[in-house]
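Just the heavy atoms: all of them, side chains too, but no hydrogens, waters or symmetry mates, feed the values below.
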Amino acid sequence: LATFLNDLGCQQAATEQQADIIIINTCAVREKAEQKVWSYLGRLQPMKLSRPYIKIGVIGCVASYKKQEIYNRFDYVSFVYGAREELPALQEYLADLLTQMETTKQVFYGKENPGFTPEEKASLSSLILGQDRDVKCVVEKLRLNFSDNRSYPSIRPSSPKATTDTQGDRNLGAANFVIPAEAGIQVPSLNRSMINIMTGCNKYCTYCIVPFTRGRETSFAMSAIVERVRQDVAAGAKEITLIGQNVNSYKDPETGALFPELLRQVAQIPGNFWVRFMSPHPQDMTIDLFDVMAAHRHTVPAYLHFPLQSGSNRILTLMNRTYTIEAYLEKIGWIKDRLPDAFISTDLIVGFPGETEEDFWATMHAVETVQYDLIYSFIYSRRKYTKAWAMPDDCPYAVKQARLDVLQKRQIEIAAQRNALLVDKMLICLVEKRLGRDKLLGRTEGNIRVVFDGTDDMINSFVRLLIQSAGPAQMQAVY
């Protein structure tokens, strides 16, 4: 959507106060993320009251199943559009909305505009304060109004970096943050591109709400994805991230080719860039993916985010994770065999319903065995509509918190030990930005933060740095 709006002539605002359209992309995986949506929407109310013409929209997973609740609680929200709804319809709605806003802004900023009578201004104010909440209904009316007019306005972007006009690409969700310098706004420090290669999920883990908010798995055309990457690299992107709920479930709808082939084709695109992907599912992990990574080290970092969730087979079964700890560790062995210096991160849930002390220590044993570089760990969050919602849970929250503390404390120690092994080594890093007026921030291929002294022309480039010292989450280096 950011790319689409830029191509329609919009400029990305640095703050909400500078924006005419505020679109909130939501996540429903954990309850805390959902609560942040409610809090953020509440903070936008004074802004809407002071500038009634602005449009506030909510999209994504929370919008999929909380649409009516959002409308009921926040009457100043202009539209809510779920993750399972068609992107082209939302694009048409936004294109029409921009046309309307050119007029409505004049009501509030054209103090002596002779084009509006007091009655017209009052009428327009009423229109501004109203909500065009049914996006599909608005789009259908637009199409009906233009049904006999051959000059129906196209909403397809026309810039060189816009998506090509193919059916596969019309469905391709791409968020490209390479903003043209002529836009006259603050350009993000690192040019990176995040490209959806698929949407939805067929796994139905018992704790996860994603299948209910995003629907069944749908893969986008490989040809469209590869072309999108090619365009973004040509536009200056230094980091490409291929995104999907389970990327290694990807299957090209045109040829049947799987994710390793997609990664191979992307890695062969000419240019100096890194391509990352997230997240894979252990069940669908195949050994040929690591063969592709090993064969294209210049472009594909030796980094794997490999969600485990629990080290207990009993809990994995309750979670419907469809693999065992033994199968998981075998696949960890595949990557360590082909990429001995690979960095590995994971997700872990503590306190899943029914988790015993024995189950928890099975997870700790897995942590000791793998020696992860980074762990994203959480206390289980109940999500309505999931199977785990109804599971009995007799473990007190204090016990869950204590287990999380043990896990995170040990992981800090492991990360510090792992990073210490990199001291006095030269590492290739991608420079992201300047931290205030002080150091530059870069990241290794393992996604570890590195701070160092350097000049601004290093930003958005690859540099070789000598690591001088290291902590559990950050390293210091010299150029």
Side-chain angles (χ1 to χ4, degrees), residues 14 177-178 186-194 236-241 271-279 293-294 296-306 332 335-336 339-348 367-368 370-378 404-479:
F177 297 102
V178 183
Q186 183 177 3
V187 179
S189 303
L190 172 63
N191 287 352
R192 48 162 56 102
S193 178
M194 300 181 182
K238 293 298 184 182
E239 184 178 82
I240 304 290
T241 304
N272 188 23
F273 67 97
W274 277 345
V275 57
R276 301 182 184 273
F277 57 88
M278 60 181 300
S279 294
M293 294 176 67
H296 297 279
R297 281 298 308 272
H298 174 73
T299 304
V300 185
Y303 169 77
L304 177 70
H305 183 67
F306 204 35
I332 288 290
I335 189 171
K336 290 190 174 184
L339 297 165
D341 57 345
F343 296 81
I344 304 173
S345 61
T346 196
D347 296 331
L348 290 172
V367 169
E368 297 292 345
V370 178
Q371 295 283 293
Y372 295 103
D373 295 279
L374 179 64
I375 285 176
Y376 299 94
S377 52
F378 311 94
L404 182 66
D405 292 343
V406 169
L407 170 62
Q408 293 182 339
K409 180 180 179 181
R410 178 57 185 141
Q411 177 55 34
I412 289 173
E413 296 171 349
I414 292 173
Q417 293 165 3
R418 295 273 299 168
N419 290 346
L421 298 175
L422 301 174
V423 174
D424 295 331
K425 291 188 176 182
M426 295 289 294
L427 300 180
I428 296 176
C429 296
L430 180 55
V431 186
E432 291 191 354
K433 62 182 179 181
R434 181 166 295 283
L435 297 174
R437 298 181 179 179
D438 194 10
K439 307 283 186 177
L440 290 178
L441 171 66
R443 288 187 187 269
T444 68
E445 61 178 320
N447 218 24
I448 300 172
R449 290 167 55 98
V450 181
V451 294
F452 67 102
D453 290 317
T455 56
D456 284 351
D457 58 1
M458 294 179 175
I459 296 172
N460 200 50
S461 65
F462 293 95
V463 297
R464 292 179 62 84
L465 301 176
L466 175 64
I467 305 301
Q468 290 189 311
S469 62
Q474 183 169 285
M475 301 187 293
Q476 291 73 42
V478 292
Y479 176 66

Original post:
Looking at residues at least two apart in the chain, or sitting in another chain, which of them share a side-chain hydrogen bond (donor to acceptor under 3.5 Å, both in side chains) with Ser345?
Top reply: Tyr303, His305
**OP:** Apply side-chain contact (heavy atoms from CB on, under 4.5 Å) to Thr241 and Arg276, showing your working.
**Re:** CA-CA 5 Å; Thr241 304; Arg276 301 182 184 273; 4.2 Å; yes
Original post:
Is there a donor-acceptor pair under 3.5 Å between the side chain of Thr444 and the backbone N or O of Cys429?
Top reply: no
Which donor-acceptor pairs under 3.5 Å do side chains of residues 463-475 form with protein atoms, sequence neighbours excluded?
from	atom 1	to	atom 2	distance (Å)
Ser469	OG	Gln476	OE1	2.6
Gln474	OE1	Arg449	NE	3.0
Gln474	OE1	Arg449	NH2	3.0

Original post:
Got Leu430 and Leu190 here, is their nearest side-chain heavy-atom distance under 4.5 Å?
Top reply: yes
Subject >> Main-chain N/O of Asp438 paired to Arg434 side chain as donor or acceptor, under 3.5 Å >> reply: yes
Would you give me the side-chain donor-acceptor pairs under 3.5 Å for residues 406-416, sequence neighbours excluded?
from	atom 1	to	atom 2	distance (Å)
Gln408	NE2	Ser377	OG	3.0
Arg410	NE	Glu368	OE2	2.6
Arg410	NH1	Glu413	OE1	3.0
Arg410	NH2	Glu368	OE1	3.1
Gln411	NE2	Tyr372	O	3.0

Original post:
Phe273 and Ile240: which non-hydrogen atoms are nearest, and at how many Å?
Top reply: CD1-CG1, 3.9 Å
**OP:** Output yes when a side-chain donor or acceptor of Lys336 lies under 3.5 Å from a complementary backbone atom of Val370, and no otherwise.
**Re:** yes
Subject >> Other residues, nucleotides, ligands: >12 heavy atoms within 6.0 Å of Tyr479 OH >> reply: no
Original post:
Are Lys425 and Asp341 ion-paired here, with the side-chain N under 4.0 Å from a carboxylate O?
Top reply: no
**OP:** Would you check if Phe462 and Glu445 make a side-chain contact, meaning some heavy-atom pair closer than 4.5 Å?
**Re:** no
Original post:
Do Val367 and Leu348 have side-chain heavy atoms sitting under 4.5 Å apart?
Top reply: yes
Original post:
Is any side-chain heavy atom of Ile448 less than 4.5 Å from a side-chain heavy atom of Asn419?
Top reply: yes
**OP:** Walk me through it: do Phe452 and Val431 pass the test side-chain contact (heavy atoms from CB on, under 4.5 Å)?
**Re:** CA-CA 10 Å; Phe452 67 102; Val431 186; 3.8 Å; yes
Original post:
Does any non-hydrogen side-chain atom of Phe343 lie less than 4.5 Å from one of Asn447?
Top reply: no
**OP:** Check Asn460 against Gly236 and note the closest heavy-atom contact, atom names and distance.
**Re:** ND2-O, 3.7 Å
**OP:** Taking all heavy atoms of Ala342 and all of Asp373, pick out the closest pair and write down the distance.
**Re:** O-OD2, 4.0 Å
Subject >> Nearest-0.5 Å distance that lies between atom OG1 in Thr346 and atom CD1 in Ile375 >> reply: 7.0 Å
Subject >> Residue Met458 excluded, over 12 heavy atoms near CE under 6.0 Å >> reply: yes
Subject >> Audit row: Glu432, Arg192, salt bridge (charged side-chain N to carboxylate O under 4.0 Å, His left out) steps and yes/no >> reply: CA-CA 10 Å; Glu432 291 191 354; Arg192 48 162 56 102; 3.1 Å; yes
Original post:
So, do Val451 and Leu440 sit near enough that their side-chain heavy atoms are less than 4.5 Å apart?
Top reply: no
Subject >> Expected output: side-chain Asn191 to main-chain Lys238 donor-acceptor under 3.5 Å >> reply: no
